[in-house]
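Values reported hereafter were calculated over all heavy atoms of this structure, with side chains retained and with hydrogens, waters and symmetry mates removed.
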Amino acid sequence: MGAFKDAHGGALRNLYLDADAAEAVKRGSGGRKSWDLTDRQLCDLELLMNGGFSPLDGFLGRVDYESVLTDMRLASGVLWPIPITLDVTPAFADKIEIGETIDLRDREGVLNATLTVTDKWQPDKRAEAIAVFGADDTTHPAVRYLHDHAGSVYLGGKVQGIEAPMHYDFKHLRDTPQELRDRFRKLGWRRVIAFQTRNPMHRAHQELTFRAAQAAEANLLIQPVVGMTKPGDVDHFTRVRCYEKLIGHYPEQTTALSLLPLAMRMGGPREAIWHAIIRKNYGCTHLIVGRDHAGPGHDSAGKPFYGPYEAQELFAQHQDELDITMVPFPNLVYSESRVQYVAEDKIEPEEKVLSLSGTELRRRLQEGLDIPEWFSFPEVVDELRRTHPPRHRQGFTVFFTGLSGSGKSTIANALLVKLLELGGRPVTLLDGDHVRKHLSSELGFSREHRDLNILRIGYVASEITKNGGIAICAPIAPYAATRRKVRDLIEPMGGFLEIHVATSLEVCEQRDRKGLYAKARAGIIKEFTGISDPYEAPEEPEMRIDTGELTPDLAAHRILIKLESLGFIK
């Protein structure tokens, strides 16, 4: 079960040093520089070290990186569609010399690997976005990550594995490529069809995978991604519990469940090729490729990023080289008259079809409404309800943003009192001035420090939201990218409402009780938002309020009505 038909002869890469060599590297780590890995980098490193990314032996150097962008191949000619790069800050990169070996550590400081640096360069991220994802559009989660989160300098070089990342969850479901290959060999599974998923599986998915395995005369491997997926996806803890419930609906001894620590890029066609390479490395012979495989949805113009069968078409072009068979599968829909799932292209014109979109499923979970058994198994729905209670039982954050003097704090205080009057959940106000005093007293007012202050507010709000409380935040928060990071941090935990207090600059200056605007115009205060530093107004906030036209009491009342309409309060 080789990885490729190439010069490597299909042998899996194993980048781990033996125990004695690894211990020697640990003992000598005191003099080396150290990089703390991000969540995505840790996922990439794990699959580099255990062979999931064979034939790669480290993070891509510049020549391989540019070849992957233009040709979907390494410089050697081997097919590889997604750049695997180690992005770092300019400050860290400036300290690194070519040929130097650095430590790669997790957030707890554990030494996972070393990297011998062969390349250091500043990429053209716009060109990368267009080449890999088809557009430089930050609606695409990977493009947003590229611009808003990834460091601006890339380091390339070979990796030596010291210690595998520690996973405390679902240990019985975590396998390396070699372990999974050995299991297939022991069970006598010669044909294995893999199913890639980042969502809970319902009846249509069970039908699709069961029929695909039957058609291919293969055993089935359900291998969900438990690394990074699309922001807003169901957390992997909930999903894995759902998969464990689902396994009982397949014939015994035919199906296996194993978890994949992959950081998805949602790269559509290129990602389908990537998934095929990874599944081949894990010992699979077939891969199900469905409609809009690994697609992120719609772009900023409301159009799909990728065509519905674009991934299947690209896969077909490279199938012989990949040495893994694509199993294309149509969309399944539920026929009420036949009382079963049917391929969409086999439905007769007069047939009544029942459907439940992802949006409708979320609405029913949020409102505590019935989810029909033709759509999902009751035990799967029960698991989803455990971690996705109705909205009126969820925590949420109200995030105000606007110029100094726009009325944010006044409205926030009014809203605080009204929510306390309603009762039912604890409410915390994270006002800009109070946070500066108690949480960020050491910070100045440079862009870097202002961003850090906002991210601290976002982190505290996410913890409040996660635990079922209400967080009200009222900073200036002038930069759109930073506000997006806060939204991405909080939305997986509960509700998030961005309120743009859109009071005009002229009105704000008239209200300037502290004389800040006057000092800014006189040049006494540098980098003052709205005068010498820009304010990037939200493009699509949940609400806009102009306190030049509304009293604080009325503005807070309108926010309550909005919260009620969204189901967060009853």
Under a 3.5 Å distance rule, please check whether R270 uses its side chain to pair with a backbone N or O of P81 as donor and acceptor.
yes

In Å, rounded to the nearest 0.5 Å, how long is the span from CG of L86 to CH2 of W35?
7.0 Å

With sequence neighbours excluded, residues passing side-chain hydrogen bond (donor to acceptor under 3.5 Å, both in side chains) with H249:
E379

Using a strict threshold of under 4.0 Å (side-chain N to carboxylate O), is an ion pair present between R198 and D235?
no

R183 bridged to E179 by N-O distance under 4.0 Å:
no

Test of ring centre spacing under 6.0 Å for H298 and F305
no

Is the shortest side-chain N to carboxylate O distance from R144 to D488 below 4.0 Å?
yes

May I have the step-by-step check of salt bridge (Lys or Arg N to Asp or Glu O under 4.0 Å) for R105 and D103, ending in yes or no?
CA-CA 6 Å; R105 298 179 181 272; D103 290 342; 3.3 Å; yes

Criterion salt bridge (Lys or Arg N to Asp or Glu O under 4.0 Å) on R239 and E383, from CA distance to verdict
CA-CA 8 Å; R239 289 191 287 112; E383 283 296 337; over 6 Å; no

Does anything in residues 324-342 form a salt bridge (Lys or Arg N to Asp or Glu O under 4.0 Å)? List the pairs, not counting sequence neighbours.
E336-K352, R338-E351

Which pair of heavy atoms, one from L361 and one from H202, lies closest together, and at what distance?
CD2-NE2, 3.6 Å

Taking every non-hydrogen atom, the tightest pair across L220 and A213:
CB-CB, 4.2 Å

Any sub-3.5 Å donor-acceptor pair from N112's side-chain atoms to E163's backbone N or O?
yes

Checking the side chain of T70 only, and the main-chain atoms of E66 only, is there a donor and an acceptor separated by less than 3.5 Å?
yes

Taking 4.0 angstrom as the limit, do E100 and K33 come out as a salt bridge?
yes

Check: T116/T101 side-chain N/O donor and acceptor closer than 3.5 Å:
yes

Any donor-acceptor N or O pair under 3.5 Å, side chains S258, D175:
yes

N281 and S54 side chains, donor-acceptor separation under 3.5 Å:
no

If we ignore angles and hydrogens, is there a donor and acceptor under 3.5 Å between the side chains of S335 and S337?
yes

I need the F496 CZ to E491 CD distance, nearest 0.5 Å.
7.0 Å

Looking at T38, is its backbone amide N or carbonyl O close enough to the side chain of Q41 to form a donor-acceptor pair, meaning the two atoms are under 3.5 Å apart?
yes

Would D182 and Q178 count as having a side-chain donor-acceptor pair, cut-off 3.5 Å?
yes

So does E207 pair up with R203, basic N to acidic O under 4.0 Å?
no

Are side-chain N/O atoms of H149 and D87 paired as donor and acceptor at under 3.5 Å?
no

Can the ring centres of W80 and Y65 be said to be less than 6.0 Å apart?
no

Carboxylate-amine/guanidinium contact K485 D148, below 4.0 Å
no

